[in-house]
Q: 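My structure is below; once you've seen it, I'll send some questions.
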Amino acid sequence: MASNKSTGVEDESDSDVIGSMSDETFFQFIFISLVLVPAVVSTLGIIFNIINIVVFVKMGFSETINISLLGLAVADVGVLLTMVGFSVIYNPMLMTSVADMDVINAVNYVALGWPHVLFSRIVACLTTYITFERFLCVVMPLKVKAIITPTKTLTVVIGIYSFIILGFVPAFIANQIGPRFNPQLNQTTIGIILAPNANLLEDISLTISIFIQISSFILIVIFTTGLIQAFIRNLNWRNQSSSSKNKSSSRDKVLIKMVLFISVVYIACSFPDVAGTVAVLFVKDFSVKGRERNAFVSVFSVFFNISSLHSTASLFIYVRMSSKFQQKFLAVFKFR
């Protein structure tokens, strides 16, 4: 899993890093949190989000929210794919069949850990944008369509993906998978190859990641709170509109409620991960390289599963709270 330093597994002996959790307890815990749970929950989540993608494409992109939610569904698939990857890489059958743990560590850290964090930050930014977009719809209902257009929304979604991917490039440059000499086995094996100034490069991506994670969480809380307050203040005004406007207003209210629900679920599911990141900043040994390495991976394996619930639950939120999505979903998959 991605952390604030390179894996550094080769830098310290096992006795130096065992910390408060033994290896035996660690592997038992990991089997549940990174093998059993993701194998079921994340696999279902991938299927659900593929359904989301199909439905949003069928709905078209005349409404900006469809573009934002499509981008969110794609990022959710990325998050959940890495969780399924964890369930495969930590499967006891695979781990016992691999002679060199360097291979497991390399795939876990480079091919799964950092990509998981990358897609999670994209989800955070897109959720922030979606909440902000609905906030503007409430506080500036007559101007929002001129401010936020489908073209601008598409630009924002592409911009978010591009910025975060570029921000994580240093981490992938710092850590690459390839052949390296293993002195313990006295042979060349597959493992992590550290680039020159690897720690510096990785710290660049880590800083960007932490900034996005914490700032997005704070902004989502602010916009969600503001959206609730503004929505309540505008209820009476909307109810006094003409009948045709009331129909449009009713659709807006349902959409706002859906976004509020998405935001609240995100806040609830992301809070443990944010709290864990803050702990990493202040607790020296709580990292993948520190003495509490086992505890770190165990704790964040639980946090990753909790945050993945947000990605898995989206289909049910859309079907339950959006009549347009529900109708298109039923039509596309021939349920009626």
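Being a predicted model, the structure only gives us computed values, none of them experimental.
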Q: Before giving the answer on side chain to side chain contact (heavy atoms under 4.5 Å, CB included), spell out for I130 and F135 the whole-Å C-alpha distance, their side-chain angles and the decisive distance to 0.1 Å.
A: CA-CA 9 Å; I130 291 167; F135 176 74; over 6 Å; no

Q: State whether a side-chain donor-acceptor pair under 3.5 Å links S33 with N305.
A: no

Q: Heavy atoms only: give me the nearest S87-V35 pair and the separation to one decimal.
A: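 Distance-wise, the nearest heavy atoms are CB-O, 3.4 Å.
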
Q: Quick one: does I212's side chain get under 4.5 Å of C125's, heavy atoms only?
A: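 Of all side-chain heavy-atom pairs linking C125 with I212, at least one is under 4.5 Å.
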
Q: Tracing side-chain links under 4.5 Å among I, L, V, M, F, W and Y, which residues wind up in one group with L201?
A: V169, I173

Q: List the residues meeting side-chain hydrogen bond (donor to acceptor under 3.5 Å, both in side chains) with S42, not counting sequence neighbours, and say none if there are none.
A: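 Not a single residue meets the side-chain hydrogen bond (donor to acceptor under 3.5 Å, both in side chains) criterion with S42.
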
Q: After noting the C-alpha distance and the side-chain angles of F333 and I51, does the key distance pass the side chain to side chain contact (heavy atoms under 4.5 Å, CB included) rule?
A: CA-CA 9 Å; F333 294 97; I51 293 173; 3.5 Å; yes

Q: Considering residues at least two apart in sequence or located in another chain, which fulfil the side chain to side chain contact (heavy atoms under 4.5 Å, CB included) criterion with L81?
A: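 By the side chain to side chain contact (heavy atoms under 4.5 Å, CB included) rule, L81 matches I46, V77.
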
Q: To check you understand the geometry: which heavy-atom pair defines the closest contact between P150 and S62, and what is its length?
A: CG-O, 3.6 Å

Q: Search all heavy atoms of V265 against all heavy atoms of I317 and return the closest pair with its distance.
A: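 Nearest pair, atom of V265 first, then I317: CG2-CD1, 4.4 Å.
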
Q: Given the rule that I, L, V, M, F, W and Y join up when any side-chain heavy atoms are under 4.5 Å apart, are I50 and V79 in one cluster?
A: yes

Q: What are the two closest non-hydrogen atoms of F303 and G276, and how far apart are they?
A: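 Heavy atoms only, the tightest pair is CE1-CA, 3.8 Å.
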
Q: Nearest 0.5 Å, please: how far is CD1 in I220 from OG in S215?
A: 9.0 Å

Q: Keeping the roles fixed (side chain from S301, backbone from S298), state whether a donor-acceptor pair exists under 3.5 Å.
A: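 Between the backbone of S298 and the side chain of S301 there is a qualifying donor-acceptor contact (under 3.5 Å).
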
Q: If you take all heavy atoms of S209 and V117, which pair is closest and at what distance?
A: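 So the two residues come closest at OG-CG1, 3.3 Å.
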
Q: So, using side-chain hydrogen bond (donor to acceptor under 3.5 Å, both in side chains) as the criterion, who are the partners of T224 when residues are at least two apart?
A: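 Checked T224 against side-chain hydrogen bond (donor to acceptor under 3.5 Å, both in side chains); zero matches.
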
Q: Measure up the H310 and Y266 rings against each other and bin them: parallel (under 30°), tilted (30 to 60°), perpendicular (over 60°).
A: perpendicular

Q: Are side-chain N/O atoms of T131 and S263 paired as donor and acceptor at under 3.5 Å?
A: yes

Q: Around F172, counting heavy atoms of other residues, nucleotides and ligands shown, do more than 12 lie under 6.0 Å from its CZ?
A: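 Result for CZ/F172: enclosed.
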
Q: Quick check on side chain to side chain contact (heavy atoms under 4.5 Å, CB included): which of T277, I208, V278 does Q213 satisfy it with?
A: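 For Q213, the side chain to side chain contact (heavy atoms under 4.5 Å, CB included) test succeeds with only one of T277, I208, V278, which is T277.
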
Q: Is it the case that more than 12 heavy atoms not belonging to F61 sit under 6.0 Å from its CZ atom?
A: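 Buried by this count: over 12 neighbours within 6.0 Å.
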
Q: Could you report the tightest heavy-atom contact between P38 and M83, atom names first, then the distance?
A: CB-O, 3.4 Å

Q: Which residues satisfy the side chain to side chain contact (heavy atoms under 4.5 Å, CB included) test with L166, sequence neighbours excluded?
A: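 Per chain and number, L166 pairs via side chain to side chain contact (heavy atoms under 4.5 Å, CB included) with no residue.
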
Q: With a 3.5 Å distance limit and no angle check, can you tell me whether K152 reaches the backbone of I147 through a side-chain donor-acceptor pair?
A: yes

Q: List the steps, then state whether side chain to side chain contact (heavy atoms under 4.5 Å, CB included) holds for F168 with W114.
A: CA-CA 8 Å; F168 278 71; W114 276 108; 3.4 Å; yes

Q: Quick one: side chain to side chain contact (heavy atoms under 4.5 Å, CB included) partners of S322, sequence neighbours excluded?
A: M258, K324, F325

Q: Classify the ring geometry between F217 and F271 as parallel (under 30°), tilted (30 to 60°) or perpendicular (over 60°).
A: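 Geometry flag for F271 against F217: tilted rings.
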
Q: Below 30° counts as parallel, above 60° as perpendicular, anything between as tilted: where do the rings of F132 and F223 land?
A: tilted

Q: Show, in sequence, the C-alpha distance, side-chain angles and deciding distance for F163 and I122, and conclude whether the side chain to side chain contact (heavy atoms under 4.5 Å, CB included) test is met.
A: CA-CA 9 Å; F163 171 75; I122 293 175; over 6 Å; no

Q: Taking the side chain as every heavy atom from C-beta outward, state whether L80 and F48 have any atom pair closer than 4.5 Å.
A: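 In short, these two side chains do not touch, never coming nearer than 4.5 Å.
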
Q: Quick check on the hydrophobic clustering: are F86 and M93 connected, directly or via other members, by side-chain heavy-atom contacts under 4.5 Å?
A: no

Q: So do I67 and F56 actually touch side chain to side chain, heavy atoms under 4.5 Å?
A: no

